[in-house]
Amino acid sequence: MPLGHFFLAINIESICPLDTFKNNTGKLLRALRESRKSPTGPGRIWTAGEPENDERLKRFAQGGMTVPPSLQADMVALRDNRPGLKDRYSKLPFENKNRCS
């Protein structure tokens, strides 16, 4: 399957005040979500990023993502062997949990 990416950065404040943009965008997204839905459809109208954000919130509520022990070891080794990383990342998130080794 072909895969492509497109990134675009726009300085919104060169077009309109940021608060106006946020207000208008919020109204548009709420109107889309509140649109009449097909009786045979999935029951929800999703907007960009919502499914991913819902999954992120679920994982966060469950304590985050599980990092396999081999990857944990690689991350610790990388941090410990690169100048300055140990100062910035004295503890990685998985190191704060009680775990059996």
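Because the structure is a prediction, the values reported are computed rather than measured. Starting from 1, each residue takes its place in the sequence as its number.
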How long is the span from the [atom1] atom in [X] to the [atom2] atom in [Y], to the nearest 0.5 Å?
X     : Y     : atom1 : atom2 : answer
Lys27 : Asn23 : NZ    : CG    : 4.5 Å
Trp46 : Leu32 : CH2   : CG    : 14.5 Å
Leu57 : Phe60 : CG    : CZ    : 9.0 Å
Leu29 : Ile45 : CG    : CD1   : 11.5 Å

Derivation of the side chain to side chain contact (heavy atoms under 4.5 Å, CB included) call for Asn81 and Lys86: CA-CA 8 Å; Asn81 294 311; Lys86 184 85 171 177; over 6 Å; no

Can a donor-acceptor pair be found, under 3.5 Å and without considering hydrogens, that links the side chain of [X] to the backbone of [Y]?
X     : Y     : result
Asn53 : Gly49 : no
Ser90 : Asp87 : no
Gln72 : Val67 : yes
Thr20 : Cys16 : no
Glu55 : Glu52 : no

Where at least one partner belongs to residues 29-39, residue pairs that pass side-chain hydrogen bond (donor to acceptor under 3.5 Å, both in side chains), sequence neighbours excluded: Arg33-Thr47, Arg33-Glu50, Ser38-Thr40

Atom CG of Asp19: over 12 foreign heavy atoms under 6.0 Å: no

Can you get from [X] to [Y] by hopping between Ile, Leu, Val, Met, Phe, Trp and Tyr side chains that sit under 4.5 Å apart?
X     : Y     : result
Phe94 : Leu85 : yes
Leu71 : Tyr89 : yes
Phe7  : Ile12 : no

Heavy-atom side-chain proximity of Lys22 to Thr25 below 4.5 angstrom: no

Working for salt bridge (Lys or Arg N to Asp or Glu O under 4.0 Å), residues Asp54 and Arg44: CA-CA 13 Å; Asp54 285 358; Arg44 179 171 179 180; 3.3 Å; yes

Basic-acidic side-chain contact under 4.0 Å: Arg79, Asp74: no

